[in-house]
J.: 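Attaching a single structure in structure tokens format; questions to follow.
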There are 2 protein chains.
Amino acid sequence: MTIKKIKYHRVYEDVIEQIENLILEGNLAPGDVLPTERELAQAFGISRGTLREAFRILEREGLIETRPGGGRFLSKNLNKAEDKSRIIENIERATIIELLEAREIFETGIVELAAKRATEQDILEIETALEKWGKIDSDSDDPTSPDQAFHLSIAKATHNVVLVNLIDLHMDLLQKTLNKTVDIPGRKDEVYKEHFNILQAIKEKDPSKAREAILYHLKQVKQNILSTTNGR
Amino acid sequence: MTIKKIKYHRVYEDVIEQIENLILEGNLAPGDVLPTERELAQAFGISRGTLREAFRILEREGLIETRPGGGRFLSKNLNKAEDKSRIIENIERATIIELLEAREIFETGIVELAAKRATEQDILEIETALEKWGKIDSDSDDPTSPDQAFHLSIAKATHNVVLVNLIDLHMDLLQKTLNKTVDIPGRKDEVYKEHFNILQAIKEKDPSKAREAILYHLKQVKQNILSTTNGR
DNA sequence: GTGGGTAATTGGGTGATCCAATTCCATCGG
DNA sequence: CCGATGGAATTGGATCACCCAATTACCCAC
């Protein structure tokens with residue numbers, strides 16, 4: 001039997017959940033005013049202070065708005081507000097396979113764009129990132145952040161903030177798993193070579209060559225990950 | 001002179017900002033224990049209750065962790081915690097051009113995958129979504145959500161949660177702008193036709209045909225948007 | 001040392017209390 | 001009759017004193 005962490009129960013979290021449920025069940029409509037702090041506190045059987053902690057969170061998430069002296073009411077765009085944080089949470093729960101698959105799709109697009117658009121300055125930054133990767137020795141504590149930096153520098157060459165941030169997010173989520181693959185003997189040099197080829201294609205402004213280079217790289221990464229994990 | 005909205009000043013927001021600054025300036029390192037509630041409250045010159053409201057937020061954002069009876073300490077991965085919410089904010093600030101460009105990249109990948117993987121059930125759901133789009137009349141108040149549903153149903157056919165959520169996010173962000181393009185005379189029927197072609201290609205399990213169909217559709221969408229806006 | 005018990009510390013939560021902004025309504029003036 | 005006005009009640013913002021439960025630190029017996 002596995003050992004479960006005992007999670008401390010916070011009252012305010014219950015309250016948040018209950019209020020969220022009320023909203024989702026449609027018992028409360030956008031724009032509706034909520035009962036007063038004092039009423040709700042009594043109804044929930046908790047103190048005003050605790051209730052307000054819950055409201056602070058709901059406020060931050062955009063579910064409710066507060067008019068001091070006036071009252072609290074549901075904000076109009078309740079669904080979207082919550083969706084956005086949920087989207088990231090959903091992505092976090094994805095399997096590595098799914099992440100890699102998505103990454104393959106948009107990183108091929110990124111390198112193609114980068115090959116078309118990279119300025120001399122962009123290329124310089126990619127080179128710098130590549131060199132940092134070359135310098136790390138395997139005892140270094142965090143070998144993936146240079147890798148992140150390399151892929152990020154390429155994304156930046158597209159001059160598209162959406163693509164930059166998507167890669168950013170993905171590298172973050174993959175980081176823990178990627179760490180393990182660097183330990184594979186000889187893998188570090190291979191990665192350097194693969195990165196080098198990508199850079200080369202971008203320098204030559206050859207989108208299809210860049211595409212092939214990143215596809216090969218991602219294929220290797222995938223293989224290495226699968227050999228060190230069980231796919232989650 | 002323009003009239004500025006008077007923003008109500010919440011004490012707890014100040015506290016959050018100050019603590020965040022302390023962290024960013026490096027005066028506090030990951031893992032460090034924070035002073036006790038009582039000490040900090042006194043230092044800030046506020047009550048414990050207010051201070052705790054601030055901590056609730058910081059806790060939710062993953063910056064700090066709390067051990068009841070133990071104390072509060074900075075969580076190890078402070079940078080990432082904040083990054084994640086920032087990533088979405090960054091994407092929200094992107095121009096429409098950038099959004100469309102990114103979407104082109106990964107929606108082509110999505111339809112290709114969908115064409116390979118769609119089950120009969122998936123195709124049924126895409127058809128249903130398409131029919132709903134056919135039924136709306138232009139006076140309807142929200143013509144884009146059927147459009148969203150269509151593209152979302154295709155993403156679902158990839159059986160990859162990452163791709164589903166990425167499309168979800170993008171459609172959300174594009175929604176406001178897309179609304180306008182439907183008003184263009186005759187555009188509604190064209191969109192139906194374009195959607196139909198995409199579905200057809202998926203039914204035929206023909207990835208490259210699906211790719212062409214979505215590329216054509218996105219090209220049209222882009223043109224229509226550019227004709228109704230000025231690119232932001 | 002090790003284990004266990006005890007006291008101090010710390011966050012969790014409550015309730016009474018005051019303040020400031022908002023809302024509501026009765027009142028007054030035209 | 002109707003709109004402006006000026007309190008009074010209401011409501012969220014914040015504080016303070018207080019108690020509880022979990023954690024921690026420490027000392028002592030073995």
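Every chain is numbered from 1 and lettered A, B, ... according to where its sequence line falls, protein lines coming before strand lines.
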J.: Both B:Gly45 and B:Arg38 contact DNA chain D. Which one's nearest nucleotide lies toward the 5' end?
T.: B:Gly45
J.: Taking A:Glu53 first and then A:Arg56, would you say they form a salt bridge - that is, a charged N and a carboxylate O separated by under 4.0 Å?
T.: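 The answer is no: the pair does not qualify as a salt bridge.
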J.: List for me each residue that meets side-chain hydrogen bond (donor to acceptor under 3.5 Å, both in side chains) alongside B:Glu101, sequence neighbours excluded, and say none if there are none.
T.: A:Arg117, A:Asn160
J.: Among residues 46-58 of chain A, which contact DNA chain D at a heavy-atom distance under 4.0 Å?
T.: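 Residues of residues 46-58 of chain A that come under 4.0 Å of DNA chain D are, in numerical order, A:Arg48, A:Arg52, A:Arg56.
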J.: Which is more 5' along DNA chain C, the nucleotide nearest B:Arg72 or the one nearest A:Gly69? Just name the residue.
T.: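 Nearer the 5' end of the strand: B:Arg72.
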J.: B:Glu37 has an atom CD; how far is it from atom P of D:dC16, in whole Å?
T.: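 Going from B:Glu37 (CD) to D:dC16 (P), I get 14 Å.
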J.: Side chain of B:Pro68 only, please: which of C:dG12, C:dT10, D:dG13 is the nearest?
T.: C:dG12
J.: Looking at every heavy atom in both A:Asp147 and A:Met171, which two are closest together, and how far apart are they?
T.: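 Here A:Asp147 and A:Met171 meet closest at OD2-CE, 3.6 Å.
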J.: So, are B:Glu37 and B:Arg52 salt-bridged, with charged N and O less than 4.0 Å apart?
T.: yes
J.: Once you round it to whole Å, what is the distance between C1' of D:dA14 and CD of B:Glu13?
T.: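 Rounded to the whole Å, the gap is 15 Å.
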J.: Could you give the CZ-to-C1' distance, from A:Phe44 to C:dT14, as a whole number of Å?
T.: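 To the nearest whole Å, that distance equals 17 Å.
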J.: Heavy-atom count around A:Gln42 CD within 6.0 Å, excluding the residue itself: above 12?
T.: no
J.: Over how many whole Å does the gap from B:Arg67 atom CZ to D:dT23 atom P extend?
T.: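 These atoms are roughly 9 Å apart.
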J.: Go through the structure and list residues passing ring pair (Phe, Tyr, Trp, His ring centres under 6.0 Å) with A:Tyr12, not counting sequence neighbours.
T.: none
J.: Given atom CG of A:Leu40 and atom P of D:dG13, what is their separation to the nearest angstrom?
T.: 13 Å
J.: Just the rounded figure in Å: distance from P of C:dG11 to CD1 of B:Ile64.
T.: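 About 10 Å, once rounded to whole Å.
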